[in-house]
Chemist: 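Before anything else, here's the structure in question.
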Amino acid sequence: MAFVNIQNLTYKYPLTKTPALQNMNLQIEKGEFISIIGANGSGKSTLCYALAGFVPHFFKGEISGEIEVDGAASSKSTLDEWVVNVGLAFQNPFNQISGAKYTVFEEIAFGLENAGVPREQMKSRVEEAMQLTGISNLADRSPYSLSGGQQQRVALTSILVMQPKLLVLDEPTSQMDPIGTREVFSVIHNLTQSGMTVVMVEHKVEWIAHFATRVIALKDGAVLTEGKPSDVLTSDLLIENGFGVSRYTSVAREAKKQGLWKKDKLPVTLFEAAEGFNTK
Amino acid sequence: MHERLSFYIKRDSLIHRLNPLTKLVLVFAFIGIAFTFPWYWIGLFLFVFVLIPLAFIAKVSREYFFTATRLILPAAGFLFLMQALFQPIGEEIIFQFYFLDATRESLAFAFTIAARIIVMISAFTMLLLTTHPSELMSDLTRRGLPGQFAYVIISTLQILPQMQAKAQTIIAAQRSRGLDTESTFLKRAGSVLPLVGPLVFGSLVEVEERAIAIEARGFTSKKEKTSLHEVPDTVTDKTLRWILIILIILSILLNLWLS
Ligand SMILES: Nc1ncnc2c1ncn2[C@@H]1O[C@H](COP(=O)(O)OP(=O)(O)O)[C@@H](O)[C@H]1O
Ligand SMILES: [Mg+2]
């Protein structure tokens, strides 16, 4: 069976009429780097919460169907058991700061303290994780004194340090500059190479095209289409449904109409576009 | 934004090296003795002969005097005046101010109260100046203080300055849209209303997200927690705590015996 298995999942937040997720089916294999795209309100965050156990264990509401990760069913677990295996980081970094710690180092150790990790092991794990995400130089700063992008890295590191089997990231680079985004993507890429499974909500299509193994497009709480990034991100279905596509895709699509784009396949990245325009 | 969100002054001193609980017991010893020891001058005595030397031993005398002159002494002075003038006790009028009068008894009473307040706030100030909040909390949690309780205390201490900063941002934003926050009191009271929404509802969403964030890091895990900071607890600490507790008890007994 797949590492992550979502079966007929339908979920309604309390006091709402329309379900945020509708009859969703999704299988994810170990080591995949999944990217979720979709308009505002299409259910991306809700799907993240469902994978991380907060739907329904934290938000309550009506749920049917099943979510399984590594053979365990969410419905048969408690939240504190579930979060050991599934790590979640989300968009607003400021609200992810625990508020109980005075330095970045302590902040990152917070989860390990809760998990009862022995002190010596804790220190080396925190140092390792900070090295991985490139924030060792922030160790002694107050988490509140950092920029949004730096706080997002701290939030990511705080989850990575707990070594979850499945990492769920809801727009983790929204406040980062291109260099920061690139670094985060390559860190996550390396993690998936060593067996971690990652689900990431992200709008930056060029980076998705470069790193993700699969793209899942959501619409109104259901899967609209999914597949290889180069297929999904250039599909007509996305344009018809008002998704944002890469500017290189748009340019090549126009070019194709005028016979200037000779290849069958449309590009997502600058590199693919340049290469495509070079083929005669 | 501010780097420093706590009073703590990182220095190496005898007092800094004490276990946080020892310092907490010391604070309660100061309070216990100042409030029960049956001697008129006890508050002043503790302040001059114990607290001030302690500030020097702890190498925080500058910071302590800063707090003392800005906060502690003015507060105590105000309390002294109020008590001296408004306590309806005693006969022998020493000082009159319109219809209010200070008697020998009310002055004595005011003096005692003010001295106790000085001792109490000074002792707490000294604790905060010499103890890292994380160490205080992790030591207390290790001894059985519920983690949730420690979290509430310490996050409140940290989040208050954040709230303040946010209120300022909202005020600036509303003012730039023409909101009047500077004229008469009534007008201002009315115009503050639009600030409440963003501050409170913003906070509610924030509270929910923060709850999710700490939960995602296993905050309510049933495992026994460990702590990053090793907080030393020496034989000296234990002995000192017992001595302090005995002093408190003696002071209380003396008080009961004499009254
Ligand atoms: N806490 C909540 N309570 C009620 N409804 C919610 C809540 N969070 C999200 N929703 C609703 O669920 C739907 C999906 O939202 P969400 O998963 O946040 O979408 P996305 O992350 O793709 O923008 C939206 O219609 C939204 O209004
Ligand atoms: Mg969202």
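Naming convention: chains lettered A, B, ... in sequence-line order (proteins, then strands); numbering from 1 in each chain.
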Chemist: Might you confirm whether atom CD of A:Glu66 has over 12 heavy atoms from other residues, nucleotides or ligands at distances under 6.0 Å?
Modeler: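 Check passes, neighbour count above 12.
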
Chemist: Got a second to check how far B:Ile212's CD1 is from A:Asp170's CG, nearest 0.5 Å?
Modeler: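 Interatomic distance, B:Ile212 CD1 to A:Asp170 CG, rounded to 0.5 Å: 10.0 Å.
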
Chemist: If you count heavy-atom pairs under 4.5 Å between each of A:Phe59, A:Phe58, A:Phe105, A:Trp82 and chain B, which one has the most?
Modeler: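 Greatest number of close heavy-atom pairs with chain B: A:Phe58.
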
Chemist: I need the residue from A:Asn92, A:Val84, A:Leu112, A:Asp80 with the largest number of non-hydrogen atom pairs under 4.5 Å to chain B.
Modeler: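 When all of A:Asn92, A:Val84, A:Leu112, A:Asp80 are compared, A:Asp80 has the most.
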
Chemist: What is the minimum heavy-atom distance between A:Glu113 and B:Leu228, and which atoms define it?
Modeler: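 Minimum heavy-atom contact is OE2-N, 2.8 Å.
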
Chemist: Quick check: under 4.5 Å, non-hydrogen atoms only, which of residues 229-239 of chain B neighbour chain A?
Modeler: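 Interface residues of residues 229-239 of chain B: B:His229, B:Glu230.
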
Chemist: Report yes or no: does B:Ser134 contribute a side-chain atom to a donor-acceptor pair with the main-chain N or O of A:Lys101 at less than 3.5 Å?
Modeler: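 Not a single qualifying donor-acceptor pair exists.
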
Chemist: What is the minimum heavy-atom distance between A:Asn114 and B:Gly218, and which atoms define it?
Modeler: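 It is CB-O, 3.2 Å.
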
Chemist: In terms of ring plane angle, is the pair A:Tyr102 and B:His132 parallel, tilted or perpendicular, where the classes change at 30° and 60°?
Modeler: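 Geometry flag for B:His132 against A:Tyr102: perpendicular rings.
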
Chemist: Tell me, side chain or backbone of A:Ala109 under 4.5 Å from chain B's heavy atoms, or both, or neither?
Modeler: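 Contact with chain B is through the side chain of A:Ala109 alone.
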
Chemist: If I measure from the heavy atoms of chain B, does A:Gln91 come under 4.5 Å with its side chain, its backbone, both, or neither?
Modeler: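 Neither part, no heavy atoms under 4.5 Å.
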
Chemist: Just wondering, more than 12 heavy atoms not from A:Lys30 lying within 6.0 Å of its NZ?
Modeler: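 More than 12 within 6.0 Å, yes.
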
Chemist: So which heavy atom on B:Ala213 is nearest to which on A:Asn95, and how close?
Modeler: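 That closest heavy-atom pairing would be CB-O, 3.8 Å.
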
Chemist: So how far is it from B:Arg217 CZ to A:Ser98 OG, rounded to the nearest 0.5 Å?
Modeler: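 So the gap between those two atoms works out to 5.5 Å.
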
Chemist: Using heavy-atom distances under 4.5 Å, tell me whether B:Glu209 contacts chain A through its side chain, its backbone, both, or neither.
Modeler: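 Both backbone and side chain.
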
Chemist: NE2 of A:His57 to CD of B:Glu215: how many Å apart, nearest 0.5 Å?
Modeler: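 Here the interatomic distance stands at 11.0 Å.
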
Chemist: Which heavy atom of A:Ile159 sits nearest a heavy atom of B:Ala216, and at what distance?
Modeler: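 Closest pair (atom of A:Ile159, atom of B:Ala216, distance): CD1-O, 4.2 Å.
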
Chemist: Other residues, nucleotides and ligands only: do more than 12 of their heavy atoms fall within 6.0 Å of CZ on B:Phe65?
Modeler: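 Yes, because the 6.0 Å sphere around CZ of B:Phe65 holds more than 12 heavy atoms from other groups.
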
